[in-house]
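Some notes on the structure that comes next.
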Amino acid sequence: MIFWDLPIDRPENRVGVRLLGWTNLFITRIFHSLTILRMPKLPRVGPAILVCNHTSGLDPLFIQACLPRLVIWMMAREYYDIKLLRWVYRTIEAIPVERSGRDMAATRSALRALKNGRVLGIFPEGRIPDTPGMLPFQTGVALMAIKARVPVYPVYIDGTQRGKEMREAFSSPNHARVTFGPPVDFDRSSTYHEALEAATEKIRQAINILANVKGAGI
């Protein structure tokens, strides 16, 4: 996490968040290795949704390390309920999501975060795929973006962490590559199923395009 030129009352300036931010920089930039192929262009203030493919449990750490703003991640409840990490998740205001069905409480929390001008991070595949390709995206991202009237920014991540079990991914050095894209343009005039499917496909295509970006990186 990078801190600069942010208002003093922003959540990024809380002591716990700053401590975790510097720890995350050490983990992702020194123990692991991170290359940004295309820099993010998130608004300095105001709500936004980050949508990314999923490769490992390290994905939120690598993405957060590229950004000056705190990302509120939606995550599976079984990970949120790990006692040793619960303080971390509460400090970064992560939103636990039940995998078993449509979690309306989590959706309300996400919409509330957007209403408060926060950046929401979502992995719409719902789980880490077993193969290099992306799984079908869930339509919840499009629905929230339309309801909250916020931009959706695509992110693509890949690297040597892909396909590793959680413990192996955290404990062995990895080299990740992250690419950020501009806001996705899609029809926001309807929340009917067909419209949400079309918007979701637009978001998925935007992330897929980023998979082919080449560059020296930083």
Side-chain angles (χ1 to χ4, degrees), residues 1-6 10-14 16-44 48-76 79 85 88-89 91-94 118-125 127-129 131-135 152-184 203 206-218:
M1 192 184 302
I2 308 167
F3 303 104
W4 65 75
D5 193 28
L6 290 171
R10 300 298 296 172
E12 291 82 4
N13 291 313
R14 297 172 188 160
V17 175
R18 293 178 73 89
L19 175 63
L20 290 174
W22 292 117
T23 302
N24 188 44
L25 282 179
F26 174 82
I27 292 171
T28 57
R29 305 257 185 172
I30 298 177
F31 181 71
H32 298 292
S33 176
L34 173 62
T35 299
I36 308 173
L37 295 180
R38 182 181 290 170
M39 290 294 291
K41 294 184 178 180
L42 281 176
R44 182 173 177 270
I49 298 177
L50 278 179
V51 181
C52 188
N53 66 305
H54 211 358
T55 65
S56 79
L58 293 175
D59 295 345
L61 280 70
F62 284 124
I63 295 169
Q64 182 65 80
C66 305
L67 300 167
R69 297 185 61 186
L70 177 67
V71 180
I72 309 299
W73 292 100
M74 300 189 76
M75 62 181 297
Y79 296 115
L85 297 175
V88 173
Y89 298 143
T91 300
I92 63 174
E93 303 175 47
R118 311 299 293 279
V119 177
L120 185 69
I122 303 176
F123 298 103
E125 292 168 280
R127 64 179 179 86
I128 298 171
T131 59
M134 290 188 291
L135 298 172
V152 176
Y153 290 82
V155 187
Y156 182 78
I157 185 169
D158 204 354
T160 60
Q161 78 283 0
R162 179 182 283 275
K164 293 182 179 178
E165 295 293 334
M166 180 77 71
R167 183 174 297 179
E168 182 186 5
F170 274 93
S171 62
S172 60
N174 295 283
H175 179 199
R177 299 177 299 278
V178 182
T179 309
F180 294 85
V184 184
I203 295 169
I207 295 176
N208 200 44
I209 288 171
L210 296 179
N212 299 314
V213 170
K214 307 294 183 183
I218 64 168

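In this text, all values refer to a predicted model and were calculated from it rather than measured experimentally.
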Contacts of Arg177 meeting salt bridge (charged side-chain N to carboxylate O under 4.0 Å, His left out) (sequence neighbours excluded), chain-then-number -> none

List the residues meeting side chain to side chain contact (heavy atoms under 4.5 Å, CB included) with [X], not counting sequence neighbours, and say none if there are none.
X      : value
Glu93  : Pro11, Arg14, Leu70, Ile72, Arg118
Ser33  : His175
Arg167 : none
Ala94  : Met75, Tyr80, Tyr89, Ile92

Side chain of [X], backbone of [Y]: donor and acceptor closer than 3.5 Å?
X      : Y      : result
Asn13  : Arg18  : no
Asn174 : Ala169 : yes
Gln161 : Thr55  : no

Any idea which heavy atoms bring [X] and [Y] closest together, and the distance?
X      : Y      : result
Phe180 : Arg38  : O-CD, 2.9 Å
Leu135 : Pro129 : CG-CB, 3.6 Å
Cys52  : Pro124 : O-CD, 3.4 Å
Thr131 : Arg162 : O-NH1, 3.7 Å
Asn208 : Asn212 : O-ND2, 3.8 Å
Thr91  : Gly16  : CG2-C, 3.7 Å

[atom1]-[atom2] distance between [X] and [Y], expressed to the nearest 0.5 angstrom:
X      : Y      : atom1 : atom2 : result
Leu42  : Ile49  : CG    : CD1   : 11.5 Å
Leu20  : Leu25  : CG    : CG    : 11.0 Å
Leu34  : Arg29  : CG    : CZ    : 5.0 Å
Leu58  : His32  : CG    : NE2   : 5.0 Å
Ile128 : Lys164 : CD1   : NZ    : 13.0 Å
Tyr153 : Lys41  : OH    : NZ    : 10.0 Å

Would you check, one step at a time, whether the test side-chain contact (heavy atoms from CB on, under 4.5 Å) holds for Leu210 with Leu37? CA-CA 9 Å; Leu210 296 179; Leu37 295 180; over 6 Å; no

Considering residues at least two apart in sequence or located in another chain, which fulfil the side-chain hydrogen bond (donor to acceptor under 3.5 Å, both in side chains) criterion with Thr179? none

With side chains defined as the heavy atoms from C-beta onward, is the minimum distance between Ile157 and Phe62 less than 4.5 Å? yes

Across all chains, not counting sequence neighbours, the ring-ring contact (aromatic ring centres under 6.0 Å, His included) partners of Phe123 are His54, Trp73

